[in-house]
Structure formats: C-alpha cells, structure tokens
> 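Sharing a structure here in structure tokens format.
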Amino acid sequence: MFIAQELRKKSIAEYLLYMWQVEDIIRVYGCSLSRIRREYIEQFDYDDEQKEDLADWYGNLVTMMNQEGKREHGHLQINQIVLQDMAELNAQLLNSTKFPFYNAEYYKVLPFIVELRNKGDKEVGEIETCMNALYGTMLLRLQKKDITPNTEHAIKEITTFIGMLSDYYIKDKTEGLKFEDD
C-alpha cells in the first residue's frame, strides 16, 4: 500500500508491475487475509496502525479478486483500467506530431513487440505485451534464472519505451499534455 502510493505518483509502469506482483502475493497466500496478515504483513517493521492499514488494503484487494474471479489468474479491473489508460495515451502520443522522440522509440521497440506477440497471445495489445515482458523478466530475475543477451537487449529497449510512456502519463495527469498545435 505504502509502496503502491509512492509508485503511482512516480511511475505508472512501476506501479502496475508492483500491483501485478501484489496480485501474485495474494494468490500465494490462497487469497486468505488471515494468512496474509500472519505470514506476510507481520514480517514488516511497521507500527500496529500501519499494519492495520496494510491489512485493510490487502483485504480490499482480496475481496476484489474474489468478486472478479481472479483468484487463480488475471488482473484486477483497477489494474486493467490503468493498463487501458496507458494504451490510450500511447495511441494519442503516436497520433500526434508533437512527440517525435516517443514515436522514434516506439518504432525502435515495435519489432520486439511483434516478435513477442507472435510467440504469445496475439490478442493482447502492444502496451500489455510490453508490460508482460517486463513482468516476466522481473520474475525470471527473482528466480535467478538466465536471461539471454537477445532478451536483455529487447527488455532494455522496452524499458526505455515504457519509461517514456510512464513519464508522459504522469505529466499528463499532473500538467496535461497538448497533443495538437494550439
């Protein structure tokens, strides 16, 4: 909760990856708030009030996962909306002539996106494909598994692209972006 709040202000992509990780943590504990509280929250060096706030937050997420049928897999609607917002902003940035560096980065990453979509779910959008690649790589690193040089290169490029999108997302939410000449 505390990390999510900070990430949401700083980087929407990091926030979304964190929230996907939280969904997986909840699944590891069988969507059981009592287990999350006892086996996970208790390990943190928070005061009782902070632990209670964290338990409430996890409790709300557990409820949502149960209501939305996401106990086994998939992403919560609140996270899908963020992903959709990112995809819509991506389309706006690409359709505007005011963001040439973003467009250049997109076309640099596009071959990787196409390759990933061909290997996986072709119905998944470009931004979700990128986020899935970043999340999958994060999981591989956590498991200390090898990552090929080609994958490392692709992830580096995708990270740059998603980082730019994330920066524009925050700027759009805080200041507003102008997509056309005024």
> Enter the distance from Ile155:CD1 to Ile158:CD1 here, rounded to the nearest 0.5 Å.
4.5 Å

> Rounded to the nearest 0.5 Å, what's the gap from CD on Glu68 to CG on Leu61? Could you check?
10.0 Å

> Looking at side-chain heavy atoms only, is the closest gap between Arg71 and Asn66 below 4.5 Å?
yes

> Mind jotting down which residue pairs meet the salt bridge (Lys or Arg N to Asp or Glu O under 4.0 Å) criterion with at least one end in residues 31-43? Sequence neighbours excluded, please.
Arg35-Glu39, Arg37-Glu52, Glu42-Lys51

> Is there a side-chain contact between Gln77 and Ile81 (heavy atoms, below 4.5 Å)?
yes

> Does Gln43 CD have over 12 foreign heavy atoms under 6.0 Å away?
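More than 12 heavy atoms, drawn from other residues, nucleotides or ligands, come within 6.0 Å of this atom.
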
> Evaluate the side-chain contact (heavy atoms from CB on, under 4.5 Å) criterion for residues Lys98 and Leu93: first the C-alpha distance (whole Å), next the side-chain angles of each, then the deciding distance (0.1 Å), finally the verdict.
CA-CA 8 Å; Lys98 296 186 78 170; Leu93 291 166; over 6 Å; no

> Is it possible for you to check whether Lys171 lies under 6.0 Å from the centre of the six-membered ring of Tyr169, through NZ or CZ, and within 45° of that ring's axis?
no

> Quick one about Asp24 and Tyr135 (side-chain donor to acceptor, distance below 3.5 Å, no hydrogens or angles considered), yes or no?
yes

> With the 4.5 Å side-chain cut-off for hydrophobic clustering, are Ile147 and Leu134 part of the same group?
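Hydrophobic grouping puts Ile147 apart from Leu134.
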
> Is any side-chain heavy atom of Leu116 less than 4.5 Å from a side-chain heavy atom of Val124?
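When only atoms from C-beta onward are counted, Val124 and Leu116 do not touch, as no gap falls below 4.5 Å.
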
> Does a side-chain N-to-carboxylate-O contact under 4.0 Å join Lys10 and Glu14?
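Yes.
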
> Hey, does the side chain of Thr137 reach the backbone of Ala133 with a donor-acceptor pair shorter than 3.5 angstrom?
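Checked: pair present.
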
> Is the Phe161-Phe112 ring centre distance short of 6.0 angstrom?
no

> Would you check, one step at a time, whether the test salt bridge (Lys or Arg N to Asp or Glu O under 4.0 Å) holds for Glu115 with Lys119?
CA-CA 6 Å; Glu115 184 179 340; Lys119 289 179 181 176; 3.3 Å; yes

> Ile12 and Ile170: which non-hydrogen atoms are nearest, and at how many Å?
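For Ile12 and Ile170, the tightest heavy-atom pair comes out as N-CD1, 4.1 Å.
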
> CG of Asp45 to CD of Gln50: how many Å apart, nearest 0.5 Å?
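Rounded to the nearest 0.5 Å, the CG-CD separation comes out at 9.0 Å.
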
> State whether the side chain of Ser96 and the backbone N or O of Gln92 hold a donor-acceptor pair below 3.5 Å, judged by distance alone.
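Not confirmed, Ser96 side chain does not pair with Gln92 backbone.
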
> Roughly how far, to the nearest 0.5 Å, is the OG atom of Ser11 from the CG atom of Asp167?
7.0 Å

> Any side-chain donor-acceptor pair under 3.5 Å between Asn90 and Tyr168?
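No - no donor-acceptor pair under 3.5 Å links their side chains.
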
> Begin from the C-alpha positions of Gln84 and Gln80 and carry the test side-chain hydrogen bond (donor to acceptor under 3.5 Å, both in side chains) through to its verdict.
CA-CA 6 Å; Gln84 183 62 40; Gln80 292 286 56; over 6 Å; no

> Is there side-chain contact between Trp20 and Ile25, with at least one heavy-atom pair below 4.5 Å?
no

> Hey, what do you get for CD1 (Ile162) to CD (Glu105), rounding to the nearest 0.5 Å?
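Here the interatomic distance stands at 10.0 Å.
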
> Do His75 and Met19 have side chains that approach each other closer than 4.5 Å (heavy atoms only, starting at C-beta)?
no

> Do side-chain atoms of Ser166 reach the backbone of Ala13 as a donor and acceptor pair under 3.5 angstrom?
yes

> Begin from the C-alpha positions of Val82 and Arg8 and carry the test side-chain contact (heavy atoms from CB on, under 4.5 Å) through to its verdict.
CA-CA 10 Å; Val82 170; Arg8 184 144 192 157; 3.9 Å; yes

> Hey, does Tyr46 have a side-chain heavy atom less than 4.5 Å from the side chain of Asp53?
no

> Sequence neighbours left out, what passes side-chain hydrogen bond (donor to acceptor under 3.5 Å, both in side chains) with Thr159? Give chain and number order.
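Thr159: no side-chain hydrogen bond (donor to acceptor under 3.5 Å, both in side chains) contacts found.
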
> With no hydrogens and no angle check, do the side chains of Glu126 and Tyr106 hold a donor and an acceptor under 3.5 Å apart?
yes

> Is the shortest side-chain heavy-atom distance between Gln21 and Met138 below 4.5 Å?
yes

> In Å and rounded to the nearest 0.5 Å, what is the CG to OG1 distance from Leu165 to Thr160?
12.5 Å

> Counting only heavy atoms not in Phe44, do more than 12 fall under 6.0 Å of its CZ?
yes

> Mark yes when over 12 heavy atoms from residues, nucleotides or ligands other than Asn118 sit less than 6.0 Å from its CG; otherwise mark no.
yes

> Minimum heavy-atom separation for Ile127 to Ala87, with atom names?
CG1-CA, 3.8 Å

> Check whether any side-chain N or O of Glu157 sits under 3.5 Å from a backbone N or O of Ala154 as a donor-acceptor pair, and report yes or no.
no

> Grouping I, L, V, M, F, W and Y whenever their side-chain heavy atoms are under 4.5 Å apart, do Leu139 and Leu83 come out in a common cluster?
yes

> Might you point out which heavy atoms bring Trp57 and Ala4 nearest each other, and give the distance in Å?
CZ2-CB, 4.0 Å

> For Thr63 and Gly59, indicate whether the former's side chain and the latter's backbone hold a donor-acceptor pair under 3.5 Å.
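Yes: the side chain of Thr63 pairs with the backbone of Gly59.
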
> Is Leu142 reachable from Leu140 through a run of hydrophobic residues whose side-chain heavy atoms are each under 4.5 Å from the next?
no

> Charged N to carboxylate O below 4.0 Å: is that the case for Lys70 and Glu23?
no

> A quick test of your reading: do over 12 heavy atoms of other residues, nucleotides or ligands sit less than 6.0 Å from CD of Gln143?
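Yes.
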
